Amino acid sequence: MKGEAIELGKIHLTTHLLAKLASQPSPAIWVDPATWEKLEKYRAFIDKAAKGEKQVYGINTGFGFLANVKIPVEETEQLQVNLIRSHACGVGAILPPEQVRALLILKTHNFLQGHSGVTRTCVETMLTFIEKDILPIIPSKGSVGASGDLAPLSHLALGLMGEGDVTYLGKRRPTAEVLREVGVKPVVLQAKEGLALANGTQYMTSLGALIADRVRTLARAADAISALTLDALKGSLGAFDARIHQVRHQPGQRTVAANFAKIFEGKDEIMDSHIDCGKVQDPYSLRCIPQVHGACRDLLEFVEKTFDNELNSATDNPLVFENGEILSGGNFHGQPVAFALDIITLALCEIGSISERRIEKMTNPHMSGLPAFLTKKEGLNSGFMIPHVVAAALVSENKIHAHPASVDSIPTSADKEDHVSMGPIGAMKALTATENVAYILAIEALGASQGLDIHLPLKPSKHLQSLHKAIRQLSSHMDADRSLSVDIEETAKWILDRGVDSALADSGLLLQ
């Protein structure tokens, strides 16, 4: 049972691990008996409070502005059902399976820590949904990221209740129908369980974890693809000398410079061909790759730490503790995650921005030493003229997405919830920026490969040869104009699927 399975509730979940678990249906997970024991102990405290006379928020009271309304014990279950039905009013595009899977896994991991005080039956149903890959339909818009991600999490809960629709075996179907078919009983919500399901930062955090994992992939790809461009432009390796970076104490910068040293190890005929060319310095988009890519990596380190902390946190309200106390607070407020999501978008913007400048250098014959727009019959052919324009458009779009969502706030719930984080909006912006940067890097990769083709029979380093070969399996050399739309799409997908990592691994190189 255990083997390679992940122990939810105890393991320290990371961005990479959550992304790995969410990438495929039915990930292998298990729960230790001691974890179940703790969960049931904490649940007993909730059951006791639900039957008591003392008002405890969300257990025997209304919610938000209605927190002072006492709910009779016989209506506590209906209170939870009403909460989920009323809150499940999200709108917009439906989350893809990977994102729903990540959200479901994270919420289960959160519950298994015990502080939410939910029943074992509720968690067991969630585990069954994960095992059978039953994925509730969740609209992407509608959360301000403060009193928890109320709307999207309520849609998740609605599925556990047997209501709404789910995706099962690749098809959207009514939840009740699917649960009957697979023999799963819907959750009958007990005291506090609806609130526990709807509260928390798991929506924005799970999205953030997936984004951070992808940005880590893009950061490595950006180093390798920019090395292709450096060779295509016959740039200098002098600016990557380790001594330069040792005297500036920025860890990301040092990592990028070290990556370049590895990429160019061994013989590189293109580099050797212009050792005595007399060029003094390259443009910043080449010379300052370690400084820019490295700064983005340093931001990513901070963001990953923030997400890793949040992945393992109890963030709903109220929370149950060892001595039976039930405390009401504000852990559901998404400010740390919202900041991290805005920061990751800044890093994405700069990775894309400097990549676009390198594309411009390759297409500009006054800067590149290559044919105009990387085509031998310029005039008759436009070559990479418009792919560069596409990259420029994406860079400018990302500048809009870089405006922080986290500095905005709008009061809700009759001004009871008067300051909100807007973290989910930051997540949507970061997701779009991630996709845009993959496209930009794809265009740079195709342009650099075209440049290397022009330099034949001179060859780059063995690692760049491996990367160039992999790119050419996706997109052939362009002798005459053709639409590159599909080539860009497929190359961007390949980059996000760690294609650059695989190509370099084939030549024995693993980048940091």
Side-chain angles (χ1 to χ4, degrees), residues 58 62-67 79-108 110-111 116 118 122 126 129 135-167 172 175 187 189 192-210 310 315-317 330-335 337-338 341 405-406 408-432:
F63 308 107
F65 180 75
L66 304 174
L79 172 69
Q80 303 302 314
V81 171
N82 289 349
L83 171 72
I84 296 303
R85 287 175 178 165
S86 67
H87 286 39
C89 57
V91 297
I94 303 304
L95 296 188
E98 179 189 33
Q99 293 176 14
V100 179
R101 220 174 274 131
L103 177 56
L104 186 55
I105 292 166
L106 178 55
K107 194 68 176 175
T108 306
N110 174 260
F111 279 173
S116 299
V118 299
C122 178
M126 296 171 76
F129 270 54
L135 305 176
I137 296 296
I138 302 176
S140 57
K141 296 182 179 181
S143 175
V144 294
S147 190
D149 291 312
L150 297 173
L153 287 174
S154 294
H155 281 278
L156 180 73
L158 202 66
L160 297 170
M161 292 164 52
E163 300 182 17
D165 289 348
V166 294
T167 300
R172 179 169 177 166
T175 308
V187 170
L189 296 179
K192 206 239 178 216
E193 288 190 308
L195 183 60
L197 283 161
N199 245 224
T201 64
Q202 288 79 32
Y203 174 60
M204 67 181 101
T205 304
S206 59
L207 292 180
L210 297 181
E310 194 77 358
T315 61
D316 63 286
N317 181 59
N331 276 5
F332 47 64
H333 199 291
Q335 202 67 55
V337 180
L341 286 162
S406 57
D408 189 23
S409 181
I410 188 167
T412 60
S413 193
D415 208 29
K416 183 81 167 182
E417 297 161 5
D418 59 341
H419 182 275
V420 300
S421 75
M422 299 299 183
I425 296 170
M428 292 297 109
K429 296 194 299 95
L431 279 168
T432 303

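Because only heavy atoms are used, hydrogens play no part in the values below, and waters and symmetry mates are left out as well, while side chains stay in. Source: prediction; values computed, not measured.
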Could you tell me which non-hydrogen atom of Gly194 sits nearest to which non-hydrogen atom of Gln80, and how far apart they are?
-> N-OE1, 2.9 Å
Search all heavy atoms of Ala198 against all heavy atoms of Ile84 and return the closest pair with its distance.
-> CB-CD1, 4.2 Å
Write down the atom of Arg101, the atom of Leu135, and the distance for their closest heavy-atom approach.
-> NH2-CD1, 3.9 Å
Sequence-distant partners of Pro96, side-chain contact (heavy atoms from CB on, under 4.5 Å), two or more places apart | Gln99
Taking only residues two or more places apart in sequence or in another chain, which ones pass side-chain contact (heavy atoms from CB on, under 4.5 Å) with Ser409?
-> His419, Val420
Could you tell me whether a side-chain N or O of His155 sits under 3.5 Å from a main-chain N or O of Gly90, the two making a donor and an acceptor?
-> yes
So, for Leu153 and Lys107, which heavy atoms are closest and what is the spacing to 0.1 Å?
-> CD1-NZ, 4.1 Å
For residues Ser421 and Met204, report the shortest heavy-atom separation together with the two atoms involved.
-> OG-CE, 4.1 Å
CE on Met161 to SG on Cys122, rounded to 0.5 Å | 11.0 Å
Tightest non-hydrogen contact, residues Phe332 and Ala146, listed as CD1-O, 2.6 Å
Can you sort out the partners of Ser143 under side chain to side chain donor-acceptor pair (under 3.5 Å), two or more places apart, ordered by chain and number?
-> Asp149
Side-chain contact test, heavy atoms from C-beta onward, threshold under 4.5 Å: evaluate it for Leu341 versus Ser406 and give yes or no.
-> no
Inter-residue atom distance Ile425.CD1 - Lys141.NZ, 0.5 Å rounding = 9.0 Å
When rounded to the nearest 0.5 angstrom, what distance separates CZ in Phe129 from OG1 in Thr175?
-> 6.5 Å
Contacts of type salt bridge (Lys or Arg N to Asp or Glu O under 4.0 Å), residue Glu98, not counting sequence neighbours = none
Can you name the residues that form a side chain to side chain donor-acceptor pair (under 3.5 Å) with Glu193, not counting sequence neighbours?
-> Thr119
Check step by step if side-chain contact (heavy atoms from CB on, under 4.5 Å) holds for Ser147 and Glu417.
-> CA-CA 7 Å; Ser147 190; Glu417 297 161 5; 3.5 Å; yes
Return the set of residues passing side chain to side chain donor-acceptor pair (under 3.5 Å) with Thr315 (not counting sequence neighbours), or none when no residue passes.
-> Gln202
Is there a side-chain contact (heavy atoms from CB on, under 4.5 Å) between Leu103 and Leu106 once you walk through the steps?
-> CA-CA 5 Å; Leu103 177 56; Leu106 178 55; 5.6 Å; no
Who passes side-chain contact (heavy atoms from CB on, under 4.5 Å) against Ile137, sequence neighbours left out?
-> Ile94, Asp165, Thr167, Arg172
With side-chain contact (heavy atoms from CB on, under 4.5 Å) as the test, would you mind laying out the steps for Asn331 and Asp316 before giving the verdict?
-> CA-CA 6 Å; Asn331 276 5; Asp316 63 286; over 6 Å; no
Residues in side chain to side chain donor-acceptor pair (under 3.5 Å) with Glu163, at least two apart?
-> Arg85
Could you walk me through whether Leu189 and Leu160 pass the side-chain contact (heavy atoms from CB on, under 4.5 Å) check?
-> CA-CA 9 Å; Leu189 296 179; Leu160 297 170; over 6 Å; no
Judged by atom type as modelled, is there a donor-acceptor pair below 3.5 Å linking the side chain of Lys192 to the main-chain atoms of Ser116?
-> yes
Do the side chains of Thr108 and Ile105 get nearer than 4.5 Å, heavy atoms only?
-> no
Applying side-chain contact (heavy atoms from CB on, under 4.5 Å) to Ser140 and not counting sequence neighbours gives Ala93, Leu95, Tyr203, Met428
Do side-chain atoms of Asn199 reach the backbone of Asn317 as a donor and acceptor pair under 3.5 angstrom?
-> yes
Of all pairs that satisfy salt bridge (charged side-chain N to carboxylate O under 4.0 Å, His left out), the ones with a partner from residues 420-429, not counting sequence neighbours | Asp342-Lys429
